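Note that these values count all heavy atoms, side chains included, but never hydrogens, waters or copies made by symmetry. This is a predicted model, so every value here is computed, not measured.
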Protein chains: 2
Amino acid sequence: MLTTQRKQVILSRLHRDGQVVAKALSEEFGLSEDTIRRDLRELAAEGHLQRVHGGALPASPATGDFVQRQAINPADKSSIARRAAWMVQPGQVVILDGGTTCVCVARELPLSLAATVVTHSPSVAVELMNHPHIEVILIGGRLFKHSMVSVGAATIQAIADIRADFYFMGVTGVHADAGLSTGDLEEALVKRAFAARAAEVVVLASREKINAASPFVIGPATMATTVVVERDTPASATNDLAALGIGIVRT
Amino acid sequence: MLTTQRKQVILSRLHRDGQVVAKALSEEFGLSEDTIRRDLRELAAEGHLQRVHGGALPASPATGDFVQRQAINPADKSSIARRAAWMVQPGQVVILDGGTTCVCVARELPLSLAATVVTHSPSVAVELMNHPHIEVILIGGRLFKHSMVSVGAATIQAIADIRADFYFMGVTGVHADAGLSTGDLEEALVKRAFAARAAEVVVLASREKINAASPFVIGPATMATTVVVERDTPASATNDLAALGIGIVRT
DNA sequence: GCGTATCGTGCAGTTGCGTGCAATGTCAAT
DNA sequence: ATTGACATTGCACGCAACTGCACGATACGC
């Protein structure tokens with residue numbers, strides 16, 4: 001295994017589990033802890049993670065704690081979320097992805113709205129508890145802690161039973177060439193499965209996601225029917241997407 | 001668990017409950033009180049909290065709101081929940097029911113515990129977010145808002161794939177003749193399905209549930225292996241159950 | 001005022017960390 | 001084929017961090 005590959009794996013572990021332990025990694029790779037520590041130090045120097053005694057934690061804003069991430073830039077996220085929530089008409093069936101942005105969408109749905117929401121995120125389900133007229137379908141599976149969504153074979157199977165009007169998809173990268181991408185393979189597969197079951201796929205892309213790419217590809221950019229971006233996003237950033245026939249909605 | 005993470009968790013506990021108690025934290029983390037006090041001292045030195053005798057309070061004057069304070073004193077429920085949480089051994093697979101009592105059980109599970117928790121309650125899933133070594137399996141289905149649990153055919157099907165060591169069941173009635181019962185038919189069916197997939201069924205019965213009966217029957221009282229009751233429950237109230245060979249555990 | 005719980009400090013054992021150095025492997029130029 | 005520059009890795013050593021225990025001091029409840 002090449003050193004570069006090893007570092008990639010360390011980063012993906014960090015993203016998946018929200019933490020890595022030096023000793024555990026050394027056993028997993030069959031290398032000395034010295035080598036692992038060297039890797040961690042270098043990754044920390046590049047700003048990819050935060051070094052702590054015993055291992056490492058994710059770098060700055062996206063701290064392992066989902067609750068803390070939720071508190072980041074609530075204004076930005078909720079403007080996109082509010083715009084997305086407006087798209088839902090009474091009686092429709094919509095799929096709500098996991099992630100902090102989609103929790104905001106749930107929060108922005110009118111209390112009087114009568115609709116059906118399908119989600120694989122317990123956080124979204126809890127958020128919808130107080131919406132009396134929204135029927136919630138919870139998709140089960142193995143819970144991926146970092147993003148608080150269920151993933152895996154059971155999740156994919158359950159998704160096959162659904163047919164929805166909208167799928168509100170959260171991503172970490174939208175790029176005309178690289179397509180829609182996210183930081184975890186299992187999550188990418190679930191998103192792909194959801195996209196196949198919805199008439200319209202709406203991608204929620206806050207500023208830093210546009211023209212970015214993450215390790216795992218969900219599908220081509222044209223998988224998205226619409227991309228919701230913030231009002232002040234420059235047209236130059238969205239022209240490539242619009243040229244593919246993807247609708248661009250500004251908040 | 002890394003030291004840095006532990007401090008993060010302490011701060012989030014502080015934010016959630018409006019207070020932390022050194023002794024409780026030491027038990028939760030499985031560490032000596034010395035270590036916890038050291039953490040608290042360091043966090044206080046960094047200005048993240050205010051040290052007081054017995055524990056710590058938030059640094060900012062903004063104490064937790066009413067809802068959060070209300071959650072502090074569920075002394076009744078948490079005594080039963082704590083006793084139940086003690087029964088879980090590392091490596092086991094346990095099913096956690098919905099309901100407020102089972103959310104308390106999730107909260108009382110040690111942070112260091114490595115186990116698998118199966119639940120059909122998004123609230124329980126969210127509560128377990130901060131337990132780094134607990135694998136959560138979420139059972140999906142149609143969400144029954146009143147109890148915040150998934151129910152229905154999809155739920156029953158998903159349960160069939162599970163085999164667990166324990167099932168911690170919440171009920172609204174335990175009666176030697178009338179059996180175990182609850183207030184909703186769909187919920188009763190789900191509880192019955194869970195009970196069939198666990199080696200031991202542990203019923204959590206706060207005082208008012210004992211010798212009570214609700215409209216929908218889950219099964220005979222002997223479906224329960226053990227019933228956990230509060231310490232001061234009179235023997236006269238549990239004799240009928242004990243006569244059926246059901247274990248009675250007092251907190 | 002007194003008993004108990006909690007606190008702070010010093011100490012020791014364990015674990016993790018960083019640096020320097022040597023061994024090995026790779027690659028390119030000679 | 002040989003040589004030298006370079007990267008990668010493991011090992012040894014000293015140092016720092018973490019943790020638990022013991023002891024005396026302090027605060028709290030009755």
| Does some side-chain heavy atom of A:I10 sit less than 4.5 Å from a side-chain heavy atom of A:L40? | yes
Quiz item: Do B:V105 and B:L204 come close enough that some side-chain heavy atom pair is under 4.5 Å?
Solution: yes
Ignoring the backbone of [X], work out which of [options] is nearest its side chain.
X	options	value
B:H53	D:dC28, D:dC18, C:dT19	D:dC28
A:R41	D:dT9, C:dT19, C:dC7	C:dT19
B:S32	D:dG20, C:dG8, D:dT19	D:dG20

Within less than 4.0 Å of OP1 or OP2 of D:dC11, is there a side-chain N or O belonging to A:T35?
no
Between D:dG20 and B:R37, is there an OP1 or OP2 to side-chain N/O distance shorter than 4.0 Å?
-> no
Contact class for B:V52 (heavy atom, under 4.0 Å): base, sugar-phosphate, or nothing?
sugar-phosphate
Q) Ion pair present between A:E28 and A:R13, side-chain N to carboxylate O less than 4.0 angstrom? A) yes
- request: Decide, yes or no, whether a salt bridge links B:D161 with B:R197 under the criterion of side-chain N to carboxylate O below 4.0 Å.
  value: no
Side-chain donor or acceptor of A:S78 paired with backbone N/O of A:A81 under 3.5 Å | no
Base of C:dC17, side chain of A:D34 - is there a donor-acceptor contact under 3.5 Å?
no
Nearest-Å distance, [atom1] ([X]) to [atom2] ([N])?
X	N	atom1	atom2	value
B:R51	D:dC28	CZ	C1'	14 Å
A:E27	C:dT15	CD	P	13 Å
B:E42	C:dT9	CD	P	12 Å
A:E33	C:dC17	CD	P	7 Å
A:L25	C:dC17	CG	C1'	16 Å
B:L31	D:dG20	CG	P	5 Å
B:I36	C:dA5	CD1	P	19 Å

Per nearest nucleotide of DNA chain C, the residue lying toward the 5' end, B:R38 or B:K23, is B:K23
By nearest-nucleotide position on DNA chain C, the 5'-leaning member of A:G55 and B:A22 is B:A22
